[in-house]
Amino acid sequence: MQSFEIDKSDVLKVKNAILAGDETLKTVLEDYHASEIAILFERLAKSEQQYIINLLPAEIASEIISEMDEESHPEDLLFQMHPDKRTEIVEELDYDDATDIISQLEDHEQKEILEDLNEEDASNIRNLLTYDEKTAGGLMNTDLICVNINLTKKDAIDEIIRQSEEMEEFYTIYVVDENDIFKGIVSLKDIIKAKHNAQLTELVKTDAVYVHPDTDQEEVANLISQYNLTSIPVIDEHQKLLGRVTFDDVIDVMEAESTEDILKISGVSEDEELSGNWVEAVKSRLPWLVINLGTAFLASSVVRYFDPTIKLIPSLAAYMTIIAGMGGNAATQALAVTVRRISLYDLSDKQSYRAVLKEFTVGLINGASNGLIVFLFAYFFDGNPMLGLVIFLAMTGNLVIAGITGAGIPLILKRVGIDPAIASSIIITTFTDVFGFMLILGLASKLLL
């Protein structure tokens, strides 16, 4: 089965079905999965989205809303529904999905929705709303299968059957004692395969990996990936089981974190929505461009200082752009690799040193290789071997600087508590521009004049 992509014919088919009436629309929508309808919503007007959601049963409508992209603002769609329909949909949602959507609303809107829910659902969602959305507590779902460690195999199976009636799916069974203290996990397979008179104490895995509610979402994702888990339990400081984070939530986290890092490295605020309008884009990007303009003046001051050299050797102006551009690209490569390495691992001092040393070596080899190409070009095109030597040295030196700064600066920023992705790009661009111009013009002044 191929992944679904928005097609104009699909959008037109749905729009025409809306005009044709409820029965035609229901028939057309049967051809689409809930997640596909959520994608189609990106091309439909709010009024059309409302019409479809109100037409569909709450079970399917809740799936659509949970699958909608955050930038499509499913919370607005939910809040604008009739209270009865809204309540039905929220009650169909998993607690973590309901919390994610409701948390985007204003306080008075949240209160209005929660007051219409039954006490159990409202209490669970209120509890989850207290956690930061980018932590394990903000990701976790309180719906889980939990059994007492003192049960026999038969009693445990009976309890699992009873609890699973209210759950769509589950991957792991969590084990606690009579005080709800987390004791470990057990798989359904191990319970089924165990002898008839087996005790749960014989089957439980006590060395299970777990997280606390304040654990950062990126760390949660790393743990689930590292240990190949389908879900991970969340426990409090007293070892009491609070909930679970499942792998499907982690996939969303990894996508969000990757998008955030890419935007930051590019000098774009994480607050800018990918589907936002031009006003939001300008507000997000202009401050960074102004900062970059300031650093560009610093690089231009180096060029001004060596203005007499450029006047005597005009061909340097052409090679300057090559040196600076190559340095910027090399630094960006080193930066991207280092930021990704930082996001995946908690680097020790030794690992950080090796990362910088690696980029130094790569910069030296790549710089010398590219420098040799430009040397040959200058030698045959300009007929000046000394000019070629200057460019060779400048290229090699600037790519070494690019490697060191591209790897070293994000590591330093991380050490002092600054997000390495958001500030590194401008700093390394300044380094490669300033030192690139300084190397080629400084060396030319010494060796060619």
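It should be emphasised that the depicted structure is a prediction, and the values quoted were computed from it without experimental measurement. For the numbers below, each heavy atom of this structure counts, side chains included, while hydrogens, waters and symmetry mates do not.
- Comment: Lys153 does not engage Asp158 in a salt bridge, judged by the lack of any side-chain N to carboxylate O separation of less than 4.0 angstrom.
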For residues 241-250, which side-chain donor-acceptor pairs fall under 3.5 Å, sequence neighbours excluded?
{"from": "Arg244", "atom 1": "NE", "to": "Asp143", "atom 2": "O", "distance (Å)": "2.7"}
{"from": "Arg244", "atom 1": "NH2", "to": "Asp143", "atom 2": "O", "distance (Å)": "3.1"}
{"from": "Thr246", "atom 1": "OG1", "to": "Asp248", "atom 2": "OD1", "distance (Å)": "2.3"}
{"from": "Thr246", "atom 1": "OG1", "to": "Asp249", "atom 2": "OD2", "distance (Å)": "3.1"}

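- Look at Asp216 and Lys134 and you find no salt bridge, because none of the NZ, NE, NH1 or NH2 atoms lies under 4.0 Å from a carboxylate O.
- The shortest distance between side-chain heavy atoms of Ile232 and Tyr227 does not fall below 4.5 Å.
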Problem set entry | Residues Gln49, Met68; criterion side chain to side chain contact (heavy atoms under 4.5 Å, CB included); working and verdict | CA-CA 11 Å; Gln49 294 177 13; Met68 286 177 66; 4.2 Å; yes
I'd like a table of donor-acceptor pairs (distance under 3.5 Å, sequence neighbours excluded) in which one partner is a side-chain atom from residues 51-62, with atom names and distances.
{"from": "Tyr51", "atom 1": "OH", "to": "Asp22", "atom 2": "OD1", "distance (Å)": "2.2"}
{"from": "Asn54", "atom 1": "ND2", "to": "Gln50", "atom 2": "O", "distance (Å)": "2.9"}
{"from": "Ser62", "atom 1": "OG", "to": "Ala58", "atom 2": "O", "distance (Å)": "3.2"}
{"from": "Ser62", "atom 1": "OG", "to": "Glu59", "atom 2": "O", "distance (Å)": "2.8"}

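- Side-chain contact check for Ser301 versus Phe437: every heavy-atom pair is 4.5 Å or farther apart.
- One side chain, Asn150 or Asn148, offers a donor N or O that lies under 3.5 Å from an acceptor on the other.
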For a quick test of your reading: what N or O donor-acceptor pairs under 3.5 Å do the side chains of residues 93-106 make, sequence neighbours left out?
{"from": "Tyr95", "atom 1": "OH", "to": "Asp121", "atom 2": "OD1", "distance (Å)": "2.5"}
{"from": "Tyr95", "atom 1": "OH", "to": "Asn124", "atom 2": "ND2", "distance (Å)": "3.4"}
{"from": "Asp96", "atom 1": "OD1", "to": "Asn141", "atom 2": "ND2", "distance (Å)": "3.4"}
{"from": "Thr99", "atom 1": "OG1", "to": "Tyr95", "atom 2": "O", "distance (Å)": "2.7"}
{"from": "Ser103", "atom 1": "OG", "to": "Thr99", "atom 2": "O", "distance (Å)": "3.1"}
{"from": "Ser103", "atom 1": "OG", "to": "Asp100", "atom 2": "O", "distance (Å)": "2.8"}
{"from": "Gln104", "atom 1": "NE2", "to": "Glu133", "atom 2": "OE1", "distance (Å)": "3.4"}

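- Contact detail for Val14 and Leu25: the closest heavy-atom pair is O-CD1, 4.1 Å.
- Pairs passing the salt bridge (Lys or Arg N to Asp or Glu O under 4.0 Å) check and including a residue from residues 38-50, sequence neighbours excluded, read Lys15-Glu48.
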For this session: Give the C-alpha distance, both sets of side-chain angles, the deciding distance and a yes or no for side chain to side chain contact (heavy atoms under 4.5 Å, CB included) between Thr338 and Val356.
Result: CA-CA 9 Å; Thr338 304; Val356 175; over 6 Å; no
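- Here the shortest heavy-atom pairing between Lys13 and Tyr32 reads NZ-OH, 3.5 Å.
- Side-chain contact check for Asp10 versus Leu40: some heavy-atom pair is nearer than 4.5 Å.
- Residue Leu128 comes nearest to Gly137 through the heavy atom pair CD2-O, 3.8 Å, listed as atom of the first residue, atom of the second, then distance.
- Minimum heavy-atom separation, Ala407 to Ala334: N-CB, 4.2 Å.
- Between Leu129 and Leu114, some side-chain heavy-atom pair lies under the 4.5 Å cut-off.
- With hydrogens and angles disregarded, a donor-acceptor distance shorter than 3.5 Å links the side chain of Asn16 to the backbone of Leu12.
- The aromatic rings of Tyr210 and His212 stand perpendicular to each other, their planes meeting at an angle above 60°, with 30° marking the opposite boundary.
- Inter-residue side-chain proximity for Leu298 and Val434 is flagged as met; some heavy-atom pair is nearer than 4.5 Å.
- Contact of the Glu91 side chain with the Thr87 side chain is registered, since non-hydrogen atoms from C-beta on lie closer than 4.5 Å.
- The shortest side-chain heavy-atom distance between Leu223 and Glu219 falls under the 4.5 Å cut-off.
- Between Val28 and Ala17, the closest heavy-atom pair is CG2-CB, 3.7 Å.
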Problem set entry | Intermediate values then yes/no, side chain to side chain contact (heavy atoms under 4.5 Å, CB included), Ile149 and Val176 | CA-CA 6 Å; Ile149 194 170; Val176 298; over 6 Å; no
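- Ion pairing of Arg354 with Glu359 is absent here, as no side-chain N (NZ or NE/NH1/NH2) approaches a carboxylate O to less than 4.0 Å.
- The residues Asp107 and Lys111 are annotated as not salt-bridged, no charged nitrogen and carboxylate oxygen being separated by less than 4.0 angstrom.
- By the side chain to side chain donor-acceptor pair (under 3.5 Å) test, Glu159 pairs with Arg162, Gln163, sequence neighbours left out.
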Exercise. Could you walk me through whether Thr429 and Thr295 pass the side chain to side chain contact (heavy atoms under 4.5 Å, CB included) check?
Worked result: CA-CA 8 Å; Thr429 301; Thr295 63; 5.8 Å; no
Under 3.5 Å, sequence neighbours excluded: what are the donor-acceptor pairs made by side chains of residues 181-198?
{"from": "Ser187", "atom 1": "OG", "to": "Asp190", "atom 2": "N", "distance (Å)": "3.1"}
{"from": "Ser187", "atom 1": "OG", "to": "Asp190", "atom 2": "OD2", "distance (Å)": "3.1"}

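- Thr152 and Asp155 are linked by a side-chain donor-acceptor pair at a separation below 3.5 angstrom, with hydrogens and angles left out of the test.
- In plain terms, the two heavy atoms of Ala299 and Asp433 that are nearest each other are CB-CB, 3.8 Å.
- At least one side-chain heavy atom of Ile401 sits less than 4.5 Å from a side-chain heavy atom of Leu439.
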